[in-house]
Amino acid sequence: MEQLLHVSAFNHFFLAMSIVITMVLVSRAVVAGTKYSSLLLIVVFGLAMGSLLVHSGMAGPGLAEFPAILLVGQTTVIALIASFFVGGQEINRLLSKKQHSDDHFVPSQEEAIVGTSSTQLVYIIRAFFLLIGIEATYVLLSGRALNFPLGDSYLLLAYISLVVAIIFIDNKAKFASKQVYIRKGLAEIVAIVLVLKASLFLSSMVESVIALPQIFFAMILSSGLGALMPKWKLGPTMNALLFAGIPVVLAASFLVGGSHMIEAFSLPGLQSVMLFGFSGQIFWMFGGLALLIFLGQANHVRNLAPGMAGGLSHSGLTGACNAGDFGATAASRAPIMINVPFIGHIFVFTILAASAERGSIMLQWTLPLIAAGIAFVALALKTLRGANGEAATEVKGLMQFSLGWQIIAVFGSFTALNVAGMSLDHVSMSASSAMSHFGLFAAIQNGMFGDSAASLITFTFAMTFLVHPLVFGLFGRATENQGRMAEKVVFALAAIGLTGVLYSLFTI
């Protein structure tokens, strides 16, 4: 009987692999030859497929019948650790003004599938195995496997996944030494598992004082390691997670979110969550772009994409930048901007954790922070106006903007919604969805604001992603238009978003 359970687990495993990987590959094939990001199609495919699985009777809301998909959707922290590590490296290099060559590995440009090179195909497949293998290993070492679906099979899942992830490399790529490259991948897997273990330990230690989520400590540890190891040349683990980790996690998360689509709209209060989520998605994105374009005079994708990815901890733009969808400069700047709000996250997670325990927002802390955020944004816009295309000054201005806009968006959303009368668990879902904020998403998913928010966040987060075709469409057109965003369209959308946000607040 136990053997049949293991066979069932691997059936789930291979089914999840087929669904998630093909979803990513098909999305890349559809946008091949354009400047648009595949993430906008992953959104649509994921929501549609999740809803169809429930509508056809193959699964219920939450996809409990597909535990391997649930497992992949819960690996958000693993995907982010890679971005935090590289961001720490880039910040160190920026401050030390030292650049490091990375010629030990040269990816292949030969197309294997439409829109995907052979190396990128390996990254996507390896990312899936890494996410499952690392998560299963981490859960086993934490002694929590029995509390998870497929827990009895975690040892086999971890072994198969990690072995495949370690040895699966692209033979068409060029290596200084394949053996060294493979060993680097193994070392990176061990490091990620240790970061997960250490961050869980630290989170548990302070839980009696303040319920800080695991991702807070994972962010500190991985960013710190990156800053201490600027010369580390990325191995196959980090390369795969940086390129494909977020798209794979989002594909699984959107499948789960789509499965909640039919039932969710009947839940009381969720309409207000969704209204602010949609309106805020437009306002925070295009309001920030309007400031960068009109007041910062920084209208180029190399500034706009990483600036908004960092300014909102925006999961979609983070994934698109890391995948190189907006060019090499945006890709190199994005990890820096994602890490810069690290200082702000100290306030974000501590104040929100204390607020969660209290049941309401602590205005005595949030209002001064919003004022500080406004000051940082004003300084950033002044810095960017004087950049005159100089890379170092642009990066400095974007760092200031990322910190300031993050503080304004997070605490502005939480404060306004809570004062308007929305319960804190609904506020957490609404604010996270309005920003596509990956850190808050992971914290809510892990139960920071209760079980109800944890179960519904995949839906609310996924639904507001429906705005992303508009976001990625404009970024794609800007990339085709020598990097310049359509100014009138940005201004109009910012005004529409502001109107929607105000309306949503007055109708709670």
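Judged purely by atom type and a 3.5 angstrom limit, Ser199 uses its side chain to pair as donor or acceptor with the backbone of Leu196. Proximity of a side-chain donor or acceptor of Ser51 to a complementary backbone N or O of Leu47 within less than 3.5 Å is not detected. Remark: side-chain polar atoms of Ser433 are paired, donor with acceptor, to backbone N or O of Phe461 under 3.5 angstrom. The main-chain N or O of Pro335 is never found under 3.5 Å from a side-chain atom of Gln89 such that the two would form a donor-acceptor pair. A distance-only check finds no donor-acceptor pair linking the side chain of Ser259 to the backbone of Gly50 [under 3.5 Å]. Between the side chain of Asn418 and the backbone N or O of Ile361, at least one donor-acceptor pair lies under 3.5 Å. Put simply, the side chain of Glu188 gets close to the backbone of Met238: a donor and an acceptor are under 3.5 Å apart. One N or O on the side chain of Gln406 and one on the backbone of Gly311 form a donor-acceptor pair closer than 3.5 Å. With hydrogens and angles disregarded, no donor-acceptor distance shorter than 3.5 Å links the side chain of Glu135 to the backbone of Thr75. At distances below 3.5 Å, not a single donor-acceptor pair connects side-chain atoms of Ser402 with backbone N or O atoms of Met399.
Applying the salt bridge (Lys or Arg N to Asp or Glu O under 4.0 Å) test to residues at least two apart or on different chains, the pairs with a partner in residues 301-316 are Arg302-Glu394.
For Ala353 against Met448, the heavy-atom pair with the smallest separation is N-CE, 3.3 Å. Counting all heavy atoms, side chain and backbone alike, Leu140 lies closest to Ala158 at CD1-CB, 4.4 Å. The two atoms that bring Val249 and Ala79 nearest to each other are CG2-CB, 4.1 Å, heavy atoms only. The shortest non-hydrogen separation linking Ser455 to His260 is O-NE2, 3.3 Å. Nearest approach of Met337 to Pro306, heavy atoms of both residues: CB-O, 3.2 Å. The shortest heavy-atom contact between Gly288 and Trp405 is N-CZ2, 3.5 Å.
Contact of the Ile192 side chain with the Leu130 side chain is not registered, since no non-hydrogen atoms from C-beta on lie closer than 4.5 Å. Within the 4.5 Å cutoff, the side chain of Ile215 has no heavy atoms near those of the Asn446 side chain. Two residues are said to be in side-chain contact when any heavy atoms from C-beta on lie closer than 4.5 Å; Thr464 and Met274 meet this criterion. Contact annotation: the side chain of Ile351 approaches that of Leu369 to within less than 4.5 Å [non-hydrogen atoms, C-beta and beyond]. You'll find the side chain of Ser436 stays beyond 4.5 Å of the side chain of Trp284, heavy atoms only. The shortest side-chain heavy-atom distance between Leu71 and Tyr154 falls under the 4.5 Å cut-off. The closest side-chain heavy-atom distance from Ser430 to Met422 is below 4.5 Å. In this structure, the side chains of Ile124 and Phe243 come closer than 4.5 Å at one or more pairs of heavy atoms.
At a cut-off of 3.5 Å, with distance as the only test, a side-chain donor of Thr415 or Thr366 sits close to an acceptor on the other residue. Residues Thr350 and Trp365 bring no donor and acceptor atom of their side chains to less than 3.5 Å of each other.
Rounding to the nearest 0.5 Å gives a distance of 13.0 Å between CZ of Phe414 and CG of Leu363. Rounding to the nearest 0.5 Å gives a distance of 12.0 Å between OG1 of Thr458 and CG of Leu250. Expressed to the nearest 0.5 Å, how far CD1 of Ile69 lies from CZ of Phe13 amounts to 12.5 Å. The structure places CG of Leu255 at 7.0 Å from CG of Leu53, a figure rounded to the nearest 0.5 Å. From Ser222, atom OG reaches atom CD1 of Ile78 across 12.0 Å, with rounding to the nearest 0.5 Å. Between the CE atom of Met285 and the CG atom of Leu493 there is a distance of 11.5 Å, given to the nearest 0.5 Å.
The local environment of OH in Tyr138 is crowded, with over 12 non-hydrogen atoms from other residues, nucleotides or ligands closer than 6.0 Å. Counted within 6.0 Å of CE on Met49, heavy atoms from surrounding residues, nucleotides or ligands total 12 or fewer; the atom is thus considered open. Other residues, nucleotides and ligands place more than 12 heavy atoms under 6.0 Å from the CZ atom of Phe294.
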Exercise. Which is it for Leu440 and Leu352 under the side chain to side chain contact (heavy atoms under 4.5 Å, CB included) test, yes or no, and what are the steps along the way?
Worked result: CA-CA 10 Å; Leu440 282 175; Leu352 293 185; 3.7 Å; yes

Exercise. Could you walk me through whether Phe45 and Ile42 pass the side chain to side chain contact (heavy atoms under 4.5 Å, CB included) check?
Worked result: CA-CA 5 Å; Phe45 288 162; Ile42 291 175; 5.9 Å; no

For this session: Please step through side chain to side chain contact (heavy atoms under 4.5 Å, CB included) for the pair Leu242 and Ser83, ending with a clear verdict.
Result: CA-CA 6 Å; Leu242 200 64; Ser83 293; 4.0 Å; yes

For this session: Would you sort out whether Phe475 and Leu317 count as a side chain to side chain contact (heavy atoms under 4.5 Å, CB included), showing the intermediate values?
Result: CA-CA 10 Å; Phe475 269 101; Leu317 283 181; 4.0 Å; yes

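Relative orientation of the Phe66 and His12 rings is perpendicular, given thresholds of 30° and 60° on the angle between their planes.
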